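Have a look at the structure below, then the notes.
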Amino acid sequence: MSDTALPSVLFVCVHNAGRSQMAAAFLTHLAGDRVQVRSAGSAPAHTVNPSVVAAMAEVGIDVSAEVPRLLTTDAVQASDVVVTMGCGDTCLVFPGRRYLDWQLTDPAGQGLEAVRPIRDEIEQRVRILIGEIAPASQP
């Protein structure tokens with residue numbers, strides 16, 4: 001269980017510069033304070049992919065100040081849901097967590113035109129995830 005009563009999600013990809021950054025940003029943007037959000041990479045890059053920054057800016061989400069982080073045991077243990085995106089065997093597995101593996105194209109080295117459909121698919125998957133773990137309160 002996470003450190004708080006809130007559900008906690010960790011998004012993991014190789015460089016933590018594209019897919020996991022977009023997913024974390026969408027979850028933060030769409031779920032607000034209903035979910036605790038983390039992202040990390042098995043081999044983090046130095047900066048977020050510029051095409052990812054531009055694609056997210058198009059939908060009103062600024063990820064320009066985000067910094068790729070290294071995947072740690074603590075991050076996995078503190079998360080209820082771990083969503084992997086192409087990190088292979090380097091992703092840590094612990095009992096009691098829900099693991100999802102999202103097969104998504106890696107935006108590394110891709111231009112804005114190629115990143116847009118990846119962004120849109122991630123947004124759809126994040127919306128579904130929110131419905132499963134942190135649905136909006138009913139009036």
Side-chain angles (χ1 to χ4, degrees):
M1 192 69 173
S2 63
D3 299 337
T4 68
L6 297 175
S8 177
V9 178
L10 170 64
F11 293 102
V12 183
C13 67
V14 176
H15 301 296
N16 191 221
R19 296 166 289 187
S20 57
Q21 290 286 351
M22 288 190 282
F26 273 124
L27 185 55
T28 299
H29 180 75
L30 296 170
D33 60 2
R34 298 190 328 259
V35 178
Q36 190 176 55
V37 183
R38 297 177 180 85
S39 72
S42 54
H46 295 290
T47 60
V48 174
N49 179 331
S51 295
V52 166
V53 173
M56 293 302 286
E58 288 181 343
V59 295
I61 300 174
D62 182 8
V63 296
S64 62
E66 296 300 324
V67 177
R69 292 178 173 77
L70 180 63
L71 176 63
T72 66
T73 301
D74 290 343
V76 176
Q77 289 178 323
S79 302
D80 301 310
V81 179
V82 178
V83 180
T84 59
M85 300 175 226
C87 62
D89 294 338
T90 60
C91 291
L92 307 169
V93 177
F94 291 96
R97 270 106 197 119
R98 177 178 173 199
Y99 288 88
L100 302 171
D101 185 39
W102 291 356
Q103 298 295 316
L104 298 162
T105 302
D106 188 348
Q110 303 289 330
L112 184 56
E113 290 294 323
V115 172
R116 285 181 182 128
I118 301 166
R119 173 202 65 202
D120 295 345
E121 170 135 2
I122 289 171
E123 179 183 8
Q124 291 304 317
R125 290 178 185 227
V126 166
R127 287 181 181 278
I128 292 167
L129 181 62
I130 291 168
E132 294 171 355
I133 66 167
S137 300
Q138 299 299 322

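Keep in mind it's a predicted model, so treat the numbers as computed, not measured. As a basis for the values below, the full set of heavy atoms in this structure was taken, side chains included, without hydrogen atoms, waters or symmetry mates.
Listed for the R116 side chain is no donor-acceptor partner under 3.5 Å among the backbone atoms of A55. For the pair R119 (side chain) and E58 (backbone), a donor-acceptor distance under 3.5 Å is absent.
Nearest heavy atom pair, residue D62 against residue A65, reads OD1-N, 4.5 Å. The nearest pair of heavy atoms linking A45 to P68 is O-CB, 3.3 Å. When all heavy atoms are compared, the tightest approach of R69 to S39 is CB-O, 4.0 Å. Shortest non-hydrogen contact noted between G41 and N16 is N-CB, 3.4 Å. Across all their heavy atoms, P7 and R34 have their closest contact at CD-O, 3.4 Å. Looking at every heavy atom in both residues, M85 comes nearest to A23 through CE-CB, 3.7 Å.
With sequence neighbours excluded, the residues satisfying side-chain contact (heavy atoms from CB on, under 4.5 Å) with V53 are V48, V63, S64. Shown here are the side-chain contact (heavy atoms from CB on, under 4.5 Å) partners of S51, two or more places apart in sequence or in another chain: N49, V115. Residues meeting the salt bridge (Lys or Arg N to Asp or Glu O under 4.0 Å) test with D106, sequence neighbours left out: R19. For D120, the side-chain contact (heavy atoms from CB on, under 4.5 Å) test picks out no residue, with sequence neighbours left out.
The distance from the CH2 atom of W102 to the SG atom of C13 is 12.0 Å, given to the nearest 0.5 Å. Once rounded to the nearest 0.5 Å, the distance linking CG of L10 with CG of L71 reads 6.5 Å.
The hydrophobic clustering, which links ILVMFWY residues whose side-chain heavy atoms are closer than 4.5 Å, places L100 and L27 together. Transitive grouping of hydrophobic side chains (ILVMFWY, heavy atoms separated by less than 4.5 Å) keeps L112 and V52 in distinct clusters. Note on I118 and V59: same hydrophobic cluster, where clusters join Ile, Leu, Val, Met, Phe, Trp and Tyr whose side-chain heavy atoms are under 4.5 Å apart, directly or indirectly.
Each ring pair (Phe, Tyr, Trp, His ring centres under 6.0 Å) pair with one or both residues in residues 22-70, not counting sequence neighbours, would appear here, but there are none.
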- Are Y99 and V76 close enough, and set up right, to give a side chain to side chain contact (heavy atoms under 4.5 Å, CB included), and what steps lead you there? CA-CA 10 Å; Y99 288 88; V76 176; 3.6 Å; yes

- Task: Assess whether side chain to side chain contact (heavy atoms under 4.5 Å, CB included) is satisfied between V37 and V9, documenting all intermediate values.
- Result: CA-CA 5 Å; V37 183; V9 178; 5.6 Å; no

Residues 122-132 side chain polar contacts: donor-acceptor under 3.5 Å, at least two apart:
residue: E123; atom: OE2; partner: R127; partner atom: NE; Å: 3.2
residue: E123; atom: OE2; partner: R127; partner atom: NH2; Å: 2.9
residue: R125; atom: NE; partner: E121; partner atom: OE2; Å: 2.8
residue: R125; atom: NH2; partner: E121; partner atom: OE2; Å: 2.6
residue: E132; atom: OE1; partner: R98; partner atom: NH1; Å: 3.2
residue: E132; atom: OE1; partner: R98; partner atom: NH2; Å: 2.7

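For S8 and R38, the side-chain atoms include at least one donor-acceptor pair closer than 3.5 Å.
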